[in-house]
2 protein chains.
Amino acid sequence: MSGNVSSPGATVVSRVLAVLYAFDNGHRRLGVTDLARRADLPVPTVHRLLRELVAGEALTRDAEGRYAIGRRLWDVGMLAPEQTELQQVASPFLSDIHAATRATVHLAVRDGTEVLYLDRLSGRASVPVVSRAGSRLPLHATGVGKVLLAHAPAQLREDYLAAVLRRPTVHTITHPERLGRQLAAVRREGYATTEDEMTLGACSIAVPITRATSGGEQEVVAALGIVVPTLKRERTRLLAALQVAARGIGRSLP
Amino acid sequence: MSGNVSSPGATVVSRVLAVLYAFDNGHRRLGVTDLARRADLPVPTVHRLLRELVAGEALTRDAEGRYAIGRRLWDVGMLAPEQTELQQVASPFLSDIHAATRATVHLAVRDGTEVLYLDRLSGRASVPVVSRAGSRLPLHATGVGKVLLAHAPAQLREDYLAAVLRRPTVHTITHPERLGRQLAAVRREGYATTEDEMTLGACSIAVPITRATSGGEQEVVAALGIVVPTLKRERTRLLAALQVAARGIGRSLP
DNA sequence: TCGCCGCCTTTCACTGAGTGAAAGCCCACT
DNA sequence: AGTGGGCTTTCACTCAGTGAAAGGCGGCGA
């Protein structure tokens with residue numbers, strides 16, 4: 001290499017991944033320069049990588065010359081066993097909940113300090129909801145997030161509470177002690193709720209999905225939640241539907 | 001490079017893709033040697049690539065040392081605009097059909113000479129169905145496949161009919177002329193059906209989803225289908241539900 | 001107990017694939 | 001005609017990638 005030192009760990013593979021990871025929900029179609037900026041790589045290098053990725057059908061290129069994730073990579077992603085096995089088992093149960101409540105239903109797991117949405121069954125004319133399969137949200141502002149945070153390892157939970165938390169709406173609870181007490185309640189009662197905490201006009205209720213570990217203990221592997229305009233007196237009915245489905249899913253897990 | 005000539009077009013990028021593409025529905029978890037065989041690359045090379053991919057969180061490694069597609073790549077795949085935009089628009093309509101019929105609902109597009117399933121809403125205790133989101137099946141043996149084949153470019157259709165067709169069951173129609181006549185009927189009637197042609201004990205009915213092109217013409221972009229144990233007298237009712245949903249989806253497309 | 005086989009991992013000398021600054025395009029806007 | 005933005009190509013340099021070979025490890029049959 002002639003000119004630059006090119007930061008350590010600079011293998012071709014890591015560059016390819018940097019380029020792929022440069023895409024996100026808000027930027028699904030990007031030009032060479034944008035991608036180079038986001039991946040922090042020189043433009044000509046990215047340009048060459050993109051050409052090779054398009055040739056390999058991993059990316060597509062639209063009429064305006066922008067690049068996007070292609071069919072083959074979508075395919076490959078669908079083979080991720082951890083996400084799709086759970087999602088596949090849960091799918092019919094999500095339909096059941098949706099049929100019984102007509103609300104938007106979510107299946108999510110914890111990925112580090114974020115909620116990762118695995119699946120969403122959207123009610124048609126219902127509440128505006130931000131999440132879709134593949135999107136990530138903070139743990140403390142959604143129903144499923146609170147469930148997952150409540151059952152996360154104690155250390156992670158403490159660190160999370162101690163950090164500065166984002167406030168998507170004015171109703172978002174970020175006060176460490178208040179949130180901590182709420183999480184204890186979630187563990188005690190077996191479900192979590194939110195009211196206007198992620199999106200104004202949207203309430204949610206969520207329950208954990210558990211699986212028996214090899215040691216015989218119950219372990220929370222995911223969360224199941226629904227989003228509705230208001231909880232009001234519906235609470236018990238919605239909760240019942242969720243709990244039935246969550247148990248069904250837990251039982252069906254390998 | 002010392003030893004081998006390493007076949008032309010052998011860039012690192014193409015090797016990475018070869019490794020990723022070596023995974024498939026039946027083999028989601030593979031060891032180094034298997035992957036090397038499938039990707040047609042030397043074992044040490046694959047081994048190094050795998051290490052880098054795991055370091056980049058693109059792949060995961062389980063307790064037995066086998067590799068699988070990881071969360072980050074699943075994420076990336078979910079950003080493929082062509083698949084997910086359509087899937088997202090269609091999602092509530094799939095729920096509607098599912099609610100109205102309790103059958104397994106499919107959303108699929110044509111990818112070359114295969115049906116590519118974008119989404120599936122599975123009925124619980126219903127018919128055994130092979131397809132899941134991301135899986136591929138031949139065009140001539142499923143309802144959605146026939147719809148997509150019927151509306152494929154004439155050249156592709158002729159080539160397809162002329163080729164030797166697989167027969168998943170004894171009921172699969174492979175005779176070129178008979179299949180050709182059936183496809184003409186699909187175009188005329190606006191829907192396709194199958195009976196035991198992909199799986200014994202499974203019938204299906206499917207309709208096209210169309211979008212207006214810039215030229216004002218109608219273009220088939222996807223197909224919507226359901227799988228049921230038997231069509232019998234249900235035909236008209238199921239067809240109505242499908243057609244309503246297909247029009248709704250077509251209208252909602254950008 | 002030993003040898004064999006299959007699979008995973010590491011080593012290492014060689015060299016061409018990858019690199020990226022620089023220059024050349026093309027288009028839009030002024 | 002000039003300027004700025006993004007996209008693409010070139011090209012001399014050199015180090016990242018290469019893969020045959022060898023080293024481990026565990027299981028199985030003799």
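Just so it is clear: chains get the letters A, B, ... in the order the sequence lines come, proteins before strands, and each one is counted from 1.
- Checked for salt-bridge contact, A:Arg167 and A:Glu197 miss the test: no charged N lies under 4.0 Å from a carboxylate O.
- Applying the side chain to side chain donor-acceptor pair (under 3.5 Å) test to B:Tyr160 and every residue at least two apart in sequence or in another chain returns B:His140.
- Of all the residues in residues 20-32 of chain B, B:Gly31, B:Val32 reach under 4.0 Å from DNA chain C with at least one non-hydrogen atom.
- Among the heavy atoms of the strands lying under 4.0 Å from B:Pro44 is at least one base atom, whether or not backbone atoms are also near.
- When the side-chain nitrogen and oxygen atoms of A:Thr45 are compared with OP1 and OP2 of C:dG20, one or more of them lie within a distance under 4.0 Å.
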Do any side-chain atoms of residues 245-254 of chain A form donor-acceptor pairs under 3.5 angstrom with protein atoms, and if so which ones, sequence neighbours left out?
from, atom 1, to, atom 2, distance (Å)
A:Ser252, OG, A:Gly248, O, 2.7

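- Each of A:Val13 and A:Gly65 has a nearest nucleotide on DNA chain D; the 5'-most of these lies closest to A:Gly65.
- Interface residues of residues 48-61 of chain A facing DNA chain D, ordered by number: A:Arg51, A:Arg61; criterion, heavy-atom separation under 4.0 Å.
- At D:dA16, none of the side-chain N or O atoms of A:Thr11 fall inside 4.0 Å of OP1 or OP2 (strictly under the cut-off).
- A:Pro81 pairs by the side chain to side chain contact (heavy atoms under 4.5 Å, CB included) definition with A:Glu85, B:Arg28, B:Arg29, B:Ala68, not counting sequence neighbours.
- Here B:Arg15 reaches the OP1 or OP2 of D:dG19: one of its side-chain N or O atoms lies under 4.0 Å away.
- The salt bridge (Lys or Arg N to Asp or Glu O under 4.0 Å) test applied to B:Arg72 returns B:Glu57, not counting sequence neighbours.
- In this structure A:Thr169 satisfies the side chain to side chain donor-acceptor pair (under 3.5 Å) test together with A:Thr172, sequence neighbours excluded.
- Remark: P of D:dA16 and CG of A:Leu41 are 15 Å apart, rounded to the nearest angstrom.
- The ring pair (Phe, Tyr, Trp, His ring centres under 6.0 Å) analysis of residues 67-87 of chain B, with sequence neighbours excluded, yields no pairs.
- Legend: salt bridge (charged side-chain N to carboxylate O under 4.0 Å, His left out) pairs involving residues 149-159 of chain A, not counting sequence neighbours: none detected.
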